[in-house]
Enquirer: 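Encoded as structure tokens, here's the structure I'll be asking about.
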Amino acid sequence: MFEQNKEAKSILSIREERIKEIEELRREGIDPFGQSFPGKEAIIKVIDKFNQIATGEPSQENVIIAGRIMALRKHGKAAFADLEDQTGKIQVYIKSNFIGTDSFEIFKDISVGDIIGITGTVFKTKTGELTVLANKFTLLTKTLRTLPEKWHGLTDTETRYRKRYLDLIANQEVKELFIERSKIVKYIRNFLDNKGFLEVETPVLQPIPGGATATPFVTHHLSLHQDLYLKIAPELYLKRLLVGGLEKVYELNRNFRNEGISTRHNPEFTMLELYEAYADYHTMMEIAEEMVCDILKKLRGTLVIQYQGEMLDFTPPWKRISMYEAIKSVTGINPDEIKNEEIGDLIAQFQLELPKDAAKGEVINELFEKKVEHTLIQPTFIIDYPVEVSPLSKQKPGYPHLVERFELFINSMEIANAFTELNDPLEQKVRFLQQAESKSEGEINQNFVDYDYIEALEYGMPPAGGMGVGIDRLIMLLTNKDSIREVILFPQLKKKD
RNA sequence: GGGCCGUUAGCUCAGUAGGUAGAGCAUCUGACUCUUAAUCAGAGGGUCGCAGGUUCGAGGCCUGCACGGCCUACCA
């Protein structure tokens with residue numbers, strides 16, 4: 001408390017001044033925190049409507065606008081203000097003889113950051129700037145604090161993330177980015193809805209965290225006397241819906257993983273998972289391609305975009321290459337020819353983070369992640385993964401050591417993960433148990449084997465394809481951001497007291 | 001978890017070899033009815049992230065801590 005007072009000391013004087021102004025306004029019968037303001041038009045609409053008018057004569061009709069004052073240039077008995085709402089910014093001209101001397105007296109106490117409503121006519125100044133000539137102004141909200149500086153804006157990363165509202169006020173492009181994010185999500189929903197997918201919601205609180213091997217967040221339900229885990233993936237629930245006869249489902253929702261935070265990882269992130277009965281991983285590749293291209297066309301009108309200095313070309317078909325071929329072309333090693341006795345040497349040679357008795361598939365996967373991933377810049381489907389690292393995928397007919405799975409890489413980031421779903425309950429049980437054994441010290445253990453899911457499969461899940469898409473990462477690519485925190489409104493930061 | 005860097009006024013930043021903190025914007029007072037980073041005149045605002053240490057003296061040096069950024073590690 002004492003600490004806070006010390007910190008707040010310097011702004012206290014400004015706040016105190018503003019609080020005095022507020023008290024004064026109240027004495028004059030003006031509500032400093034306003035009421036609803038009916039009839040407000042979007043500033044962008046006013047601009048669009050009047051942009052073509054000639055300099056000089058104001059319009060006959062009134063417009064009603066409201067927003068925050070971003071700049072204020074006072075000139076004695078007149079003033080110019082830049083008024084901004086969600087849609088845009090327009091200059092307002094307030095003249096004493098137009099709004100009346102009493103009203104202008106009140107306006108004198110208005111400052112940058114205050115939110116006001118304006119009724120007025122529209123004209124162009126002699127410099128050609130579209131301006132609303134106020135004949136009435138209404139104070140809607142007084143600000144107690146000063147906004148970040150108008151010229152440099154707000155650049156301190158920490159403040160931008162902790163006080164995103166200030167970031168949105170001060171940095172136009174941040175506001176635009178989050179409006180775009182909303183559009184992208186909407187495009188995805190429209191795309192899937194048009195394809196006949198059903199949007200569903202599955203539990204966030206799960207008794208067994210399944211569908212991935214990430215470390216879960218643990219919580220506790222009091223009246224159930226039971227620990228619950230925040231969902232790390234919706235996968236096993238969505239596939240239960242396939243068993244139930246829903247043939248095309250998707251969920252666009254938050255996942256929670258109790259792991260490291262980085263420019264590509266936030267503990268809670270948005271995941272799209274979709275499943276289509278009677279389809280397979282080829283179907284999923286087509287959907288991925290079509291969906292991303294659909295978004296790009298609507299958002300950018302082009303399939304070629306710039307990302308952090310790289311030109312990314314999304315023109316389909318995207319490159320499809322098997323994991324084995326990819327490893328061979330980068331390292332010269334043919335995974336097909338790796339013999340079990342060579343595994344130890346390979347681990348040493350490539351400094352792989354694996355135990356000496358690692359399975360061949362794990363070595364191949366690790367080799368891929370270490371040597372190939374960072375080379376995948378253009379959209380690329382890496383297909384056919386080792387079975388050992390893919391417990392929920394169906395084996396490739398004729399290749400029992402491989403599964404029908406792909407990951408989509410763009411700018412060496414994993415954007416999507418998809419497979420032909422394993423629907424054999426007996427095989428699924430074996431895979432779960434193998435997984436539980438090999439990770440006995442890790443996150444997965446015997447208690448996390450979801451027997452209820454296996455039982456569901458025993459009732460029969462149609463052959464299906466499924467895919468997960470990391471939405472935050474996709475948005476990073478589409479909006480040219482190099483940190484996931486830039487595309488999440490309130491990224492996770494450590495508490496600061 | 002490890003490495004490097006950062007933290008000075010509300011915001012953006014200076015602060016040279018250790019000698020009691022500066023600027024611009026913002027704020028306040030005054031002038032000003034076509035300005036737009038408005039202008040002009042004046043004023044106030046800081047325990048220099050926190051805690052120790054070295055020193056006659058620390059914003060600057062040393063140690064620890066906190067928070068943040070980047071890299072790395074972890075991550076089906």
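Below, chains carry the letters A, B, ... as their sequence lines are ordered, and counting in each starts from 1.
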Enquirer: Using the P atoms only, state how far G68(B) lies from C61(B), rounded to an integer number of Å.
Expert: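 Looking at atom P only, C61(B) and G68(B) are 23 Å apart.
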Enquirer: In whole Å, what is the span from the CD atom of E273(A) to the P atom of A76(B)?
Expert: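 Distance check: E273(A) CD to A76(B) P gives 15 Å.
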Enquirer: Using the C1' atom on both, measure A37(B) against C48(B) and round to a whole Å.
Expert: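 28 Å, rounded to whole Å.
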Enquirer: Taking the C1' atom of each, how far is G44(B) from G2(B), in whole Å?
Expert: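 Result for the C1' pair: 47 Å, nearest Å.
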Enquirer: Indicate, with a heavy-atom threshold strictly under 4.0 Å, whether R18(A) touches base, sugar-phosphate, or nothing.
Expert: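 Result for R18(A) = sugar-phosphate.
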Enquirer: Among C75(B), A37(B), A73(B), which nucleotide sits nearest the side chain of H265(A)?
Expert: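 Nearest listed nucleotide: C75(B).
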Enquirer: Salt bridge or not for E421(A) and K394(A), using N-O below 4.0 Å?
Expert: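 Judged by the 4.0 Å cut-off on N to carboxylate O distance, E421(A) and K394(A) do not form a salt bridge.
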Enquirer: Counting the atoms with a prime plus P, OP1 and OP2 as sugar-phosphate, which does Y161(A) contact under 4.0 Å by heavy atoms, base, sugar-phosphate, or nothing?
Expert: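 Here Y161(A) touches the backbone only, sparing every base.
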Enquirer: When all nucleic acid strands are considered with a 4.0 Å heavy-atom cut-off, which category describes T263(A): base, sugar-phosphate, or nothing?
Expert: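 Sugar-phosphate only.
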Enquirer: What distance, rounded to whole Å, do you find between the two P atoms, one in G22(B) and one in A43(B)?
Expert: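 G22(B) and A43(B) have their P atoms separated by 14 Å.
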Enquirer: I'd like the P distance from G24(B) over to C56(B), given in whole Å.
Expert: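 Comparing P positions in C56(B) and G24(B) gives a spacing of 38 Å.
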Enquirer: Where do N or O atoms of nucleotides 32-35 of chain B meet protein N or O atoms at under 3.5 Å, pair by pair?
Expert:
{"residue": "C32(B)", "atom": "N3", "partner": "G76(A)", "partner atom": "N", "Å": "3.1"}
{"residue": "C32(B)", "atom": "N4", "partner": "G76(A)", "partner atom": "N", "Å": "3.3"}
{"residue": "U33(B)", "atom": "OP2", "partner": "H75(A)", "partner atom": "O", "Å": "3.4"}
{"residue": "U33(B)", "atom": "OP2", "partner": "K77(A)", "partner atom": "N", "Å": "3.3"}
{"residue": "U33(B)", "atom": "N3", "partner": "N97(A)", "partner atom": "OD1", "Å": "3.3"}
{"residue": "C34(B)", "atom": "O2'", "partner": "K126(A)", "partner atom": "NZ", "Å": "2.7"}
{"residue": "C34(B)", "atom": "O2", "partner": "K126(A)", "partner atom": "N", "Å": "3.1"}
{"residue": "U35(B)", "atom": "O2", "partner": "R73(A)", "partner atom": "NE", "Å": "2.7"}
{"residue": "U35(B)", "atom": "O2", "partner": "R73(A)", "partner atom": "NH2", "Å": "3.2"}
{"residue": "U35(B)", "atom": "O2", "partner": "Q91(A)", "partner atom": "OE1", "Å": "3.2"}
{"residue": "U35(B)", "atom": "N3", "partner": "Q91(A)", "partner atom": "OE1", "Å": "2.8"}
{"residue": "U35(B)", "atom": "N3", "partner": "Q91(A)", "partner atom": "NE2", "Å": "3.0"}
{"residue": "U35(B)", "atom": "O4", "partner": "Q91(A)", "partner atom": "NE2", "Å": "2.7"}
{"residue": "U35(B)", "atom": "O4", "partner": "T125(A)", "partner atom": "OG1", "Å": "3.2"}

Enquirer: For Y250(A), check ring-ring contact (aromatic ring centres under 6.0 Å, His included) against everything at least two apart and list the hits.
Expert: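 Residues passing ring-ring contact (aromatic ring centres under 6.0 Å, His included) with Y250(A): none at all.
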Enquirer: Remember a base hit wins even if backbone is also touched, and classify L147(A) as base, sugar-phosphate or nothing at under 4.0 Å, heavy atoms.
Expert: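 No contact.
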Enquirer: For E84(A), what residues pass the side chain to side chain contact (heavy atoms under 4.5 Å, CB included) criterion, not counting sequence neighbours?
Expert: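 Scan of E84(A) (side chain to side chain contact (heavy atoms under 4.5 Å, CB included), adjacent residues dropped) gives M70(A), K89(A), Q172(A), K175(A).
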Enquirer: Kindly write out the residues that satisfy side chain to side chain contact (heavy atoms under 4.5 Å, CB included) with D384(A), not counting sequence neighbours, or none if the list is empty.
Expert: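 Listed in chain order: Y281(A), K396(A), L402(A).
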Enquirer: Within the structure shown, what part of the strands sits under 4.0 Å from E235(A) by heavy-atom distance: base, sugar-phosphate, or nothing?
Expert: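 Nothing, no heavy atom under 4.0 Å.
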Enquirer: Toward the 5' end of RNA chain B, which comes first, F419(A) or D482(A), by nearest nucleotide?
Expert: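 The residue mapped nearer the 5' terminus is D482(A).
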Enquirer: What's touching nucleotides 2-8 of chain B from the protein side, N or O pairs under 3.5 Å?
Expert:
none

Enquirer: Closer than 3.5 angstrom, by distance alone: can the side chain of R405(A) be matched with the main-chain N or O of Y385(A) as a donor-acceptor pair?
Expert: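 No.
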Enquirer: Just call it for R485(A): base, sugar-phosphate, or nothing, with non-hydrogen atoms closer than 4.0 Å on any strand.
Expert: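 Sugar-phosphate only.
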Enquirer: So, OP1 or OP2 of A26(B): does either fall under 4.0 Å of a side-chain N or O from K150(A)?
Expert: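 It does, given that an N or O in the side chain of K150(A) lies less than 4.0 Å from OP1 or OP2 of A26(B).
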Enquirer: Could you give the side-chain donor-acceptor pairs of residues 96-112 of chain A under 3.5 Å, partners two or more places apart or in another chain?
Expert:
{"residue": "E105(A)", "atom": "OE2", "partner": "K108(A)", "partner atom": "NZ", "Å": "3.4"}
{"residue": "S111(A)", "atom": "OG", "partner": "K142(A)", "partner atom": "NZ", "Å": "3.3"}

Enquirer: For A416(A), which residues count as a side chain to side chain contact (heavy atoms under 4.5 Å, CB included) partner, sequence neighbours excluded?
Expert: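 Partners of A416(A) by the side chain to side chain contact (heavy atoms under 4.5 Å, CB included) criterion, ordered by chain and then number, come out as L408(A), M467(A), V469(A).
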Enquirer: Please give, in whole Å, the distance from G69(B) P to R162(A) CZ?
Expert: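 These atoms are roughly 8 Å apart.
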Enquirer: Does the separation of the ring centres of F448(A) and Y229(A) fall below 6.0 angstrom?
Expert: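 Yes, they do, as the ring centres are separated by less than 6.0 Å.
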Enquirer: Taking only the C1' atom of each, what is the distance from C67(B) to U27(B) in whole angstrom?
Expert: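 Nearest-Å result for C67(B) against U27(B) at atom C1': 28 Å.
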Enquirer: With sequence neighbours excluded, what pairs up with T119(A) under the side chain to side chain contact (heavy atoms under 4.5 Å, CB included) test?
Expert: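 Listed in chain order: N62(A), I64(A), N135(A), K136(A).
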Enquirer: The side chain of D156(A) is closest to which nucleotide in this list: C28(B), U12(B), C74(B)?
Expert: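 So the side chain of D156(A) is nearest to U12(B).
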Enquirer: Is there a donor and acceptor pair, one atom on the side chain of H152(A) and one on the base of C11(B), closer than 3.5 Å?
Expert: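 Check fails, no donor-acceptor contact within cut-off.
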Enquirer: With side chain to side chain contact (heavy atoms under 4.5 Å, CB included) as the criterion, how do N51(A) and I53(A) come out once you've worked through the C-alpha distance, each side chain's angles and the decisive distance to 0.1 Å?
Expert: CA-CA 6 Å; N51(A) 215 9; I53(A) 63 169; over 6 Å; no
Enquirer: Please list, chain by chain and in numerical order, all residues satisfying ring-ring contact (aromatic ring centres under 6.0 Å, His included) with F419(A), sequence neighbours excluded.
Expert: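 Applying ring-ring contact (aromatic ring centres under 6.0 Å, His included) to F419(A) gives none.
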Enquirer: Between A76(B), C70(B), U27(B), which one does the side chain of S483(A) approach most closely?
Expert: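 Of A76(B), C70(B), U27(B), C70(B) is nearest to the side chain of S483(A).
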Enquirer: Is the distance from OP1 or OP2 of C75(B) to the nearest side-chain N or O of R473(A) less than 4.0 Å?
Expert: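 Checking R473(A) against C75(B): no side-chain N or O falls below 4.0 Å of OP1 or OP2.
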Enquirer: Would you measure the distance from the C1' atom in A14(B) across to the matching atom in A21(B) and give it in whole Å?
Expert: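 11 Å, rounded to whole Å.
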Enquirer: Return yes if a side-chain donor-acceptor contact under 3.5 Å exists between N480(A) and Q308(A), otherwise no.
Expert: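 A donor-acceptor contact under 3.5 Å links the two side chains.
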Enquirer: Where does G44(B) fall, syn or anti, if syn means a chi angle no more than 90° from 0?
Expert: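 Anti conformation for G44(B).
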Enquirer: What interatomic distance, in whole Å, is found between P of A73(B) and the corresponding atom of U55(B)?
Expert: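 Pairwise P distance, U55(B) against A73(B), rounds to 44 Å.
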Enquirer: For RNA chain B, what is the dot-bracket line, given that a base pair needs Watson-Crick (N1 to N3, plus N6-O4 or O6-N4) or G-U wobble (N1-O2 and O6-N3) geometry with both distances under 3.5 Å, and | means paired with another strand?
Expert: (((((((..((((.....[..)))).(((((.......))))).....(((((..]....))))))))))))....
Enquirer: Among pairs that include at least one residue of residues 251-276 of chain A, which meet ring pair (Phe, Tyr, Trp, His ring centres under 6.0 Å), considering only residues two or more places apart or in two chains?
Expert: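 Residue pairs passing ring pair (Phe, Tyr, Trp, His ring centres under 6.0 Å), neighbours aside: none found.
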Enquirer: Please list all pairs passing the salt bridge (charged side-chain N to carboxylate O under 4.0 Å, His left out) test where one or both residues lie in residues 424-435 of chain A, with sequence neighbours left out.
Expert: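 As it turns out, the salt bridge (charged side-chain N to carboxylate O under 4.0 Å, His left out) pairs with a partner in residues 424-435 of chain A, which skip direct neighbours, are E427(A)-R431(A).
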Enquirer: P148(A) side chain: which of C11(B), G69(B), U27(B) is closest?
Expert: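 The answer is C11(B).
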Enquirer: Looking at the side chain of T157(A), which of C11(B), G69(B), C74(B) is the nearest nucleotide?
Expert: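 For T157(A), the side-chain atoms sit closest to G69(B).
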Enquirer: Using a 4.0 Å heavy-atom cut-off, does G211(A) contact any base of the nucleic acid, only the sugar-phosphate backbone, or nothing at all?
Expert: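 It contacts base atoms.
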